[in-house]
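Order of listing sets the numbers, starting from 1, for every ligand and every atom in it. Note that these values count all heavy atoms, side chains included, but never hydrogens, waters or copies made by symmetry.
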Amino acid sequence: MALKEQLLRKIFARQARVAVVGLGYVGLPLAVTFGEAGFEVVGIDIDADKVRHINEGRSYIEDVEDAKVGRLAQDGRLSASADYAVLTACDVVSICVPTPLGKTRAPDISFIVRAAETIAQYLHPGMLVALESTTFPGTTTEIILPRCTRAAGGLTVGQDFFLCFSPERVDPGRKDWTTKNTPKVMGGVTPACQEVAAALYGAAIDCVVQVSSPEAAEMTKLLENTFRAVNIGLANEVLLICDKLGLNAWEVIEAAATKPFGFMKFLPGPGLGGHCIPVDPQYLSWKMRTLGYTARFIELASDVNRSMPWYWVRKVQDALNEVGKPIRGSTILVIGVAYKRDVSDLREAPALDIISLLHDKGAHITYHDLHVPAFEHVGLALESAPDLGMALEAADCVLIAADHSGYDWEWIHSASRLMVDTRATLKPGALSLARSEGGADRRSGVVF
Ligand code: SAJ
């Protein structure tokens, strides 16, 4: 029987052994999803701590309950190892490794290359390889495919082994959309690859969206996050425009959002944080530059989004100037340093840029974040203020960078001498008054 039929038979019988390389916020939920679909799953990670957690039946990812990992580990349907040799007994391997930006903001696919080269050492006839890491169009066929065809003395894709790209769509912290119920896009290198990959994902995930090639699937994911980055860039430019016009951008955007069709709300903020939205579009624009094309919307949105920390530092400067204080020597309390509401992740957090800019201007920085107890940045080792009331009392100016839902924003605004609110934490357009030293009240929201 041909290898494809053999693998399909194993998949339909849930006898295919699935390996997941990279057990982070994408890989662990994927491993658990395959495990709960009845497959035997082995996770592979270089982090011995992650391996130990899984083999002890414990989770280390907020979205994955201990009980799920425990049950699967106990049933022998989930285990972990740091040794890729486990692949010799596997039929499927899914690659879920990070794809960050390097120092020059060019794609860093070193994790993918390393995974592909190690997998190739154990690739055997009848295996399916699925790349899930977000990357530029062409990675699957230009980076993974040649390393696999050179394996085991020479294999032919679509006959001896199968290869596809299927982007992850995990949104950390989200409860409504999970790995299992979020539609899964996938594109195979050959029709046989398509058939095998669709069967595998279809066995574990509710909806599989087949596209015509790995490149189409790679581009689909980049479009999703480029769409967000560009629209967030537009929202930030609307803020800059409204500032010039003396309007409240949040009021205007919320009013526009009452249009029941043809509009999708994005809001201004301190800048663009996280490990997806600031990064993924750069993978696309970098790839296009290698083809002699400038992806202008991506570049422009990136310029606007990356300029926002400077804009907000100028707002702090203006606010202090109003009461005759320089930034130098002033105490500035930053509330919410994480990259967005209700997360503890600091990756690419715009608050970090704002803090380093203020620090460079001689400000004394304090911060409070319900989800971030301490962090180090540009030589500063900071801890979240133990008493927010006292920190507010001591601050010459307060800047809100992440609007965590656990804060009493009315109280914070009323207790702040000066307020720079990058998130308009009070109802946009509401006449909420932030007291300033001069006694004069100012409309909060965008202004200080
Ligand atoms: N942001 C704004 N204004 C907005 C929306 C976001 O300034 O209107 C900022 C956020 O504060 C944050 C950054 O942009 O700093 C990114 O925010 P995000 O809401 O896009 O959140 P992420 O980075 O967690 O994006 C993830 C992505 N998920 C995947 O890649 C699988 C993204 O595709 C999701 O749409 C997003 O979560 C989501 O909707 O929560």
Side-chain angles (χ1 to χ4, degrees), residues 24-27 29-30 61-63 96 98-101 132-135 166-185 205 209 217-240 249-250 252-254 256-257 263-284 301-302 304-309 311-312 335-354 369 371-372 399-405 421-425 428 446:
Y25 78 90
V26 173
L30 184 71
I61 298 279
E62 269 174 64
D63 300 350
C96 302
T99 44
L101 290 178
E132 296 225 0
S133 308
T134 304
T135 184
S166 178
E168 58 88 6
R169 279 177 162 175
V170 175
D171 183 16
R174 188 181 277 274
K175 300 285 181 242
D176 50 354
W177 292 104
T178 64
T179 299
K180 183 176 185 304
N181 71 2
T182 302
K184 196 83 161 78
V185 172
I205 292 172
V209 179
E218 288 160 339
M219 182 62 197
T220 299
K221 169 68 186 208
L222 291 179
L223 170 59
E224 290 165 14
N225 285 355
T226 297
F227 167 79
R228 282 186 78 73
V230 169
N231 280 285
I232 292 163
L234 173 62
N236 282 323
E237 178 146 61
V238 164
L239 171 63
L240 304 180
W250 280 267
V252 170
I253 292 169
E254 293 294 352
F263 184 80
M264 188 170 178
K265 180 171 81 171
F266 289 85
L267 294 172
L272 204 53
H275 50 282
C276 301
I277 309 305
V279 174
D280 300 350
Q282 300 314 310
Y283 267 65
L284 183 56
S302 177
V304 173
N305 289 327
R306 284 158 58 86
S307 76
M308 295 313 289
Y311 169 82
W312 289 110
I335 298 183
V337 291
Y339 82 86
K340 76 172 184 178
R341 178 185 306 160
D342 297 345
V343 301
S344 57
D345 196 336
L346 281 178
R347 281 177 287 187
E348 304 270 338
L352 298 181
D353 295 330
I354 291 171
D369 190 310
H371 304 283
V372 181
L399 180 139
I400 297 170
D403 50 343
H404 296 315
S405 41
D421 187 354
T422 75
R423 302 288 190 174
T425 49
V446 174

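- Checking only distances, Pro268 never comes within under 3.5 Å of ligand 1, N or O to N or O.
- When Gly269, Ala235, Gly271, Gly274 are ranked by how near their heavy atoms come to atom 9 (C) of ligand 1, first place goes to Gly271.
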Exercise. Go through the steps for Asp176 and Arg174 under the test salt bridge (charged side-chain N to carboxylate O under 4.0 Å, His left out), then give the verdict.
Key: CA-CA 6 Å; Asp176 50 354; Arg174 188 181 277 274; 3.2 Å; yes
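- Checking each of Ile400, Asp421, Thr422 against Trp312 for a side-chain contact (heavy atoms from CB on, under 4.5 Å) leaves exactly one that passes, namely Thr422.
- Per-residue contacts place Arg174 under 4.0 angstrom from the following atoms of ligand 1 (heavy atoms of the residue considered): 38 (C), 39 (O), 40 (O).
- Remark: minimum distance from atom 40 (O) of ligand 1 to any protein heavy atom is reached at Asp171 OD2, 2.7 Å.
- Atoms of ligand 1 found under 4.0 Å from any heavy atom of Phe266, numbered from 1 in the order shown, are 8 (O).
- Atom 35 (O) of ligand 1 has as its closest protein heavy atom Arg228 CD, 3.1 Å.
- Residue contact check: Arg169 has heavy atoms under 4.0 Å from atoms 31 (C) of ligand 1.
- Remark: minimum distance from atom 13 (C) of ligand 1 to any protein heavy atom is reached at Gly273 O, 3.4 Å.
- With respect to atom 24 (O) of ligand 1, the closest heavy atom belonging to the protein is Tyr339 OH, 2.7 Å.
- If you check which protein heavy atom lies closest to atom 17 (O) of ligand 1, you get Lys340 CD, 4.2 Å.
- When each of Thr134, Asn225, Leu101 is paired with Tyr283, the side-chain contact (heavy atoms from CB on, under 4.5 Å) condition holds for Leu101 and for no other.
- If you check the side chains of Ser302 and Asn305, you find no donor sitting under 3.5 Å from an acceptor.
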List the atom pairs, donor and acceptor, that lie under 3.5 Å between side-chain atoms in residues 342-351 and the rest of the protein, sequence neighbours left out.
| residue | atom | partner | partner atom | Å |
| --- | --- | --- | --- | --- |
| Asp342 | OD1 | Ser405 | N | 2.8 |
| Asp342 | OD1 | Ser405 | OG | 2.9 |
| Asp342 | OD2 | Ser405 | OG | 2.5 |
| Asp345 | OD1 | Arg347 | N | 2.8 |
| Asp345 | OD1 | Arg347 | NE | 3.2 |
| Asp345 | OD2 | Arg347 | NE | 3.1 |
| Asp345 | OD2 | Arg347 | NH2 | 2.9 |
| Arg347 | NH2 | His275 | ND1 | 3.4 |

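- Close approach of ligand 1 to Leu267 (heavy-atom distance below 4.0 Å) involves ligand atoms 2 (C), 3 (N), 4 (C), 7 (O), 8 (O).
- Neither the backbone nor the side chain of Glu224 comes within contact range of ligand 1; no heavy atom lies under 4.0 Å.
- In terms of protein heavy-atom proximity, atom 6 (C) of ligand 1 is closest to Ile232 CD1, 3.5 Å.
- Close contacts between ligand 1 and Lys221 involve ligand atoms 29 (C), 30 (O), 31 (C) [criterion: under 4.0 Å to a heavy atom].
- Val170 O, 3.8 Å is the protein heavy atom nearest to atom 28 (N) of ligand 1.
- At a 3.5 angstrom cut-off on N or O pairs, Arg423 counts as close to ligand 1.
- At the shortest separation from atom 14 (O) of ligand 1 among protein heavy atoms lies Leu272 CD1, 3.2 Å.
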